[in-house]
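In what follows, a structure is listed as structure tokens, so that the remarks can point back to it.
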Amino acid sequence: MINPQWSVVDLDPVAWRAIGEFINPGLYIRAGEDGEHALYVLHDNGRPLNVVDTETGRRHDLEIGDLSDPDRVASELYGTGAWDRVHIVDRQHLAAVAHEAMSDPRTDLTLDAYYRLVSYLMWANSDSRYVVYPPRSTSWHGWTYGGVQSWVQSLPDPCSIALGVIGETGLRIGVIADIEDARICVLTTFESLPIPRDEVTLDQATADRLWDAIGAKFSPPAEVLLCSLSVFEEWIKGASDKQGTIAAAVANGTALRHSR
């Protein structure tokens, strides 16, 4: 689905296929990880309604008992070792979240701000009406909404930033974001630049060329990062020290960073 606030003006299938997994609003609100064996217990203000095992389906053999202390019940169920994660959910809480999130069109909110609101309603405002054990992570591979937001707010206004990821077969990801008032107003790919994709390589001359081309078409660039695919994967999903990962890659020549 395309956000009605977006306009699709270019289509680089290689780049969008590579970054598609990151355009996933569900990351804001989900509690578990892909492939987890989970148990879901749905209740209505303490009255059990349904118990579902993600591998075996509906369970009728579990004596859930009193749900007045859902934190304790979730911890005990998880302690059996049968599941990777246990969810205990009050149906009334889900209904309240749905009503609050959908009763107003929220046309003033961007897509990420809307899902940020849903996340708040679901979790920060849950008051133990949605309990998950082990507790859901407050970051995604070390990335937090607040951390990214703070970094964007620290950039010159307006400005543009760009990321190029080069794999063994050439350019894998080439994206440019034009930013005003700490919000992305244009997100496009290197296809919008007069630089053929096979000429985007991991060297200083390419970084300088991209810097000039981006500045000629978009807001003055503030950051251009070129890196290898392995550095990108480590930076995004592996490392806890994000800045340290890029600094080390720049030092060993597997990344180039051009900053204003």
- Message: Taking the side chain as everything from C-beta on, heavy atoms only, tell me whether Leu256 gets closer than 4.5 Å to Thr206.
- Response: no
- Message: Quick check: do Ile161 and Trp151 have side-chain heavy atoms less than 4.5 Å from each other?
- Response: yes
- Task: Identify the two heavy atoms, one from Arg260 and one from Pro158, that lie closest to each other, and give their separation to 0.1 Å.
- Result: NH2-O, 3.9 Å
- Task: Look at the side chain of Asp84 and the backbone N and O of Ala38, then say whether any donor-acceptor pair between them is shorter than 3.5 Å.
- Result: no
- Query: Taking C-beta and beyond as the side chain, do Asn45 and Leu67 meet within less than 4.5 Å on heavy atoms?
  - Reply: no
- Hey, are the side chains of Arg85 and Tyr78 touching, using non-hydrogen atoms and a 4.5 Å cut-off? no
- Query: Any side-chain heavy atom of Tyr145 sitting closer than 4.5 Å to one from Tyr115?
  - Reply: no
- Message: Would you say that Asp53 contacts Leu62 through its side chain, given a criterion of any heavy-atom pair below 4.5 Å between the two side chains?
- Response: no
- Over 12 foreign heavy atoms within 6.0 Å of CD, Glu168: no
- Item | Short side-chain to backbone donor-acceptor contact, His258 and Asp208, under 3.5 Å | no
- Query: With no hydrogens and no angle check, is any side-chain donor or acceptor of Asp44 less than 3.5 Å from a backbone partner on Arg47?
  - Reply: no
Check: residues 131-138 side-chain donor-acceptor pairs under 3.5 Å, at least two apart:
residue: Arg136; atom: NH2; partner: Tyr28; partner atom: O; Å: 3.1
residue: Arg136; atom: NH2; partner: Arg30; partner atom: O; Å: 3.4
residue: Ser137; atom: OG; partner: Ser139; partner atom: N; Å: 3.1
residue: Ser137; atom: OG; partner: Ser139; partner atom: O; Å: 2.7

- Message: Does the plane of the ring in Tyr130 sit parallel, tilted or perpendicular to the ring in Trp123? Use 30° and 60° as the thresholds.
- Response: tilted
- Please step through side chain to side chain contact (heavy atoms under 4.5 Å, CB included) for the pair Ile214 and Leu193, ending with a clear verdict. CA-CA 7 Å; Ile214 291 167; Leu193 301 176; 3.9 Å; yes
- Min side-chain heavy-atom separation Ile236-Trp143 under 4.5 Å: yes
- Query: Do side-chain atoms of Ser75 reach the backbone of Arg72 as a donor and acceptor pair under 3.5 angstrom?
  - Reply: no
- Are any of the side-chain heavy atoms of Cys227 and Val165 separated by less than 4.5 Å? yes
- Greater than 12 external heavy atoms within 6.0 Å of Arg172's CZ: no
- Arg197 and Val14: CA distance, side-chain angles, deciding distance, side chain to side chain contact (heavy atoms under 4.5 Å, CB included) verdict: CA-CA 11 Å; Arg197 64 181 305 115; Val14 176; 3.6 Å; yes
- Query: Are any side-chain N or O atoms of Asp181 and backbone N or O atoms of Arg183, one a donor and one an acceptor, separated by less than 3.5 Å?
  - Reply: no
- Message: Under a 4.0 Å threshold between the charged nitrogen and the carboxylate oxygen, would Lys237 count as salt-bridged to Glu21?
- Response: yes
- Query: Does any N or O in the side chain of Glu199 come within less than 3.5 Å of the main-chain N or O of Pro196, such that one atom is a donor and the other an acceptor?
  - Reply: no
- side chain to side chain donor-acceptor pair (under 3.5 Å) involving Asp71 - partner list, sequence neighbours excluded: Ser128
- Between Arg129 and Asp127, does a salt bridge (Lys or Arg N to Asp or Glu O under 4.0 Å) hold up when you go through it step by step? CA-CA 6 Å; Arg129 288 175 290 175; Asp127 191 26; 5.2 Å; no
- Message: Looking at every heavy atom in both Ile176 and Ser192, which two are closest together, and how far apart are they?
- Response: CD1-OG, 4.1 Å
